[in-house]
Amino acid sequence: IHAALVPDFPGLLTIVAPRHPGRGTTVLPRVPHRAAGQDPTEGIWVVDTMGELGLLYRLAPVVFVGRSLLGRGGQNPWEPARLGCAVATGPHTANFDDAVHALQTAGALTVVPDPAALQDWVRLMLADPARRHVVGRGMGVAMQCRTRPGVGCRSAGWMGIGCRSAGRWAGRGRGLG
């Protein structure tokens, strides 16, 4: 996906953050790794350290929440959505069905069926900062419905998303992670 997007988004930085940092060197062994003190400005970067996801979510406005394309149950999408990221996930989200449903209904998360659809979604989010901003703001609706079920959910627009942007962080001067 990264290689297909670079021609349209020069300087793109894709950040991969493995669930278990100790597996970082097995994820993408030939790219720079944060745990090794390597900080690239473009390309692919594995952040295999603890406690940095919140910072990464604040820097990268486009996020793909993993373990969801291959039937692994998905990961929690609340944190990147809460921080205003445009969020996508694959269709296999059994571990977080309620969160995915709430965020998707509020327009704060997109479910992509496969890598090709993920690539299209990332391209759209990087190319259209206004749309990306609207998607990121959908989290407010989801949180209102999560904390106050039934209050304002329908009227708030319920109808019914590390890939990340870093090198030129899509709208913030960086790319894709």
Nearest non-hydrogen partners of [X] and [Y], listed with the distance:
| X | Y | answer |
| --- | --- | --- |
| Pro80 | Val63 | CB-CG1, 4.0 Å |
| Gly74 | Phe96 | O-CE1, 3.7 Å |
| His2 | Gly43 | CE1-O, 3.1 Å |
| Pro129 | Leu126 | CD-O, 4.4 Å |
| Trp45 | Gln38 | NE1-O, 2.6 Å |
| Val111 | Gln104 | CG2-NE2, 3.6 Å |

Under the 3.5 angstrom rule, does the side chain of [X] hit a backbone N or O of [Y] as a donor-acceptor pair?
| X | Y | result |
| --- | --- | --- |
| Ser68 | Val65 | yes |
| His33 | Leu28 | yes |
| Arg67 | Gly73 | no |

Distance (rounded to the nearest 0.5 Å) between [X] [atom1] and [Y] [atom2]:
| X | Y | atom1 | atom2 | value |
| --- | --- | --- | --- | --- |
| Leu118 | Thr110 | CG | OG1 | 10.5 Å |
| Glu52 | Leu59 | CD | CG | 10.0 Å |
| Arg132 | Trp121 | CZ | CH2 | 9.5 Å |

Can you check whether [X] reaches [Y] side chain to side chain, under 4.5 Å on heavy atoms?
| X | Y | answer |
| --- | --- | --- |
| Pro32 | Pro40 | yes |
| Arg131 | Leu124 | yes |
| Val112 | Thr89 | no |
| Pro91 | Leu69 | yes |
| Phe64 | Ile1 | no |
| Glu79 | Leu83 | yes |
| Gln75 | Arg19 | yes |
| Met125 | Val122 | no |

Around Arg123, counting heavy atoms of other residues, nucleotides and ligands shown, do more than 12 lie under 6.0 Å from its CZ? yes
Would you find more than 12 non-hydrogen atoms of other residues, nucleotides or ligands less than 6.0 Å from Asp39 atom CG? yes
What's the verdict on side-chain contact (heavy atoms from CB on, under 4.5 Å) for Gln119 and Leu5, showing C-alpha distance, side-chain angles and the deciding distance? CA-CA 8 Å; Gln119 180 177 312; Leu5 294 170; 4.3 Å; yes
Lys/Arg N to Asp/Glu carboxylate O, Arg23 vs Asp48, below 4.0 Å: no
